[in-house]
Protein chains: 2
Amino acid sequence: MNIGEASERSGLPSKTIRYYEDIGLIRPGRGGNGYRDYAASDVHKLRFLQRSRGLGFSVEECRQLLALYEDKSRASADVKGIAEAKLSEIDRKIRELTELRHTLEHLVHACHGNDRPDCPILEELSDTAT
Amino acid sequence: MNIGEASERSGLPSKTIRYYEDIGLIRPGRGGNGYRDYAASDVHKLRFLQRSRGLGFSVEECRQLLALYEDKSRASADVKGIAEAKLSEIDRKIRELTELRHTLEHLVHACHGNDRPDCPILEELSDTAT
DNA sequence: TATCAGCCTTCCAGCAACTGGAAGGTCAAC
DNA sequence: GTTGACCTTCCAGTTGCTGGAAGGCTGATA
């Protein structure tokens, strides 16, 4: 199939698919007219990429996952390791985001709706911002 | 203080601090020798930037947050509006990250992490449904 | 006073991970 | 035989930095 159909089936823009080829993630065949020709297995890989990118894996991590996926002798411990690292990264982000939420909530409550220039919370924030 | 100390205190690399100046986020003074001169308030802003950038806010969003943070004479309605918009944005991000966390956690727990070729993480990523 | 490390300066290049656009080839249909 | 929707390559731009070169300033030491 052509790139347009591969795009539709994988959920990835054609541009991105070509880019993934550029960086060696996939290697579709070529028709006599020079058009890229995608097999079902290519679409499968593209979907794999689409999902793992969406889960927050970097392209390089995706390359590893894809290699592990294709490798018959893959060790699931490797995959688990990558996923666990990602997990603690997500935890850290959630934690920090929650902290920022508190900070901002203070800010919102400090804005009482008049035009007074003084805001004691801003002063406090300048000391506690870490 | 010089950029090195501002860097140490804010947790941002000197390079990044100069970049933030390039794009107009901060405006430190200059000494007679041409060196940038950072006040304590500059360091506070830098830390604020460091934190909000680390949480996935774009530089443009940070610019807004910073305006809210430092502009004490702004009309309260505007301030509140920006802060509230950011708040719901933060909430959305926390929600999305939490979902992602659940998905990954499920996968990690389902994966035995031994050398057997079966790996639920890879199975899930390659699942053509969804 | 010279010199040397370790700061600081500017500018230019490149990274990830795309995205957009130009310029042109191909194909199916009317 | 000419649209118009595809496809191709290549080049440039995006965001938010990061690294390096080339050179100036500073403070301590010989």
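Computed from a predicted structure; not experimentally measured. Chain naming here is simple, since letters A, B, ... match the order of the sequence lines and numbering starts at 1 in each.
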In whole angstroms, how far is the [atom2] atom of [N] from the [atom1] atom of [X]?
X        : N       : atom1 : atom2 : value
Asp22(A) : dC10(D) : CG    : P     : 9 Å
Asn33(B) : dC7(C)  : CG    : C1'   : 11 Å
Ile3(B)  : dT26(D) : CD1   : C1'   : 17 Å
Ile17(B) : dG16(D) : CD1   : C1'   : 15 Å
Glu21(A) : dC10(D) : CD    : P     : 12 Å
Asn2(A)  : dC27(C) : CG    : P     : 10 Å

Self-check item: Polar side-chain atom of Thr98(A) near backbone of Ile94(A) as donor-acceptor pair, under 3.5 Å
Solution: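 Present.
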Quiz item: When you measure from the side chain of Tyr35(B), which nucleotide among dC10(D), dG24(D), dT26(C) comes out closest?
Solution: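 Of all the options, the side chain of Tyr35(B) is nearest to dG24(D).
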Quiz item: What nucleotide among dG16(D), dC7(D), dT9(C) has an atom nearest to a side-chain atom of Arg18(B)?
Solution: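 Minimum distance to the Arg18(B) side chain belongs to dT9(C).
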Could you tell me whether [X] contacts a base, only the sugar-phosphate backbone, or nothing, with contacts defined as non-hydrogen atoms closer than 4.0 Å?
X        : answer
Arg53(A) : sugar-phosphate
Ser14(B) : nothing
Arg36(B) : sugar-phosphate
Ile23(A) : nothing

Give a yes/no answer on whether the side chain of [X] brings an N or O atom under 4.0 Å of OP1 or OP2 in [N].
X        : N       : value
Tyr19(B) : dT15(D) : no
Arg30(B) : dC25(D) : no
Thr16(A) : dT19(C) : yes
Ser58(B) : dT15(D) : no

Self-check item: Steps toward side-chain contact (heavy atoms from CB on, under 4.5 Å) verdict (Leu25(A), Val59(A))
Solution: CA-CA 9 Å; Leu25(A) 284 182; Val59(A) 163; 4.0 Å; yes
Quiz prompt | Contact summary for Leu87(A) and Arg101(B), nearest pair of heavy atoms | solution =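 Looking at all heavy atoms of both residues, the closest pair is CD1-O, 3.7 Å.
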Quiz item: If you look at every heavy atom in Met1(B) and Asp37(B), which pair is closest and at what distance?
Solution: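 Distance-wise, the nearest heavy atoms are N-OD1, 2.8 Å.
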Quiz item: Between His44(B) and Arg47(B), does a side-chain contact (heavy atoms from CB on, under 4.5 Å) hold up when you go through it step by step?
Solution: CA-CA 5 Å; His44(B) 287 318; Arg47(B) 274 201 256 171; 4.1 Å; yes
Quiz prompt | Pair of N/O donor and acceptor under 3.5 Å linking dG16(D) base with Lys15(B) side chain | solution =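 Absent.
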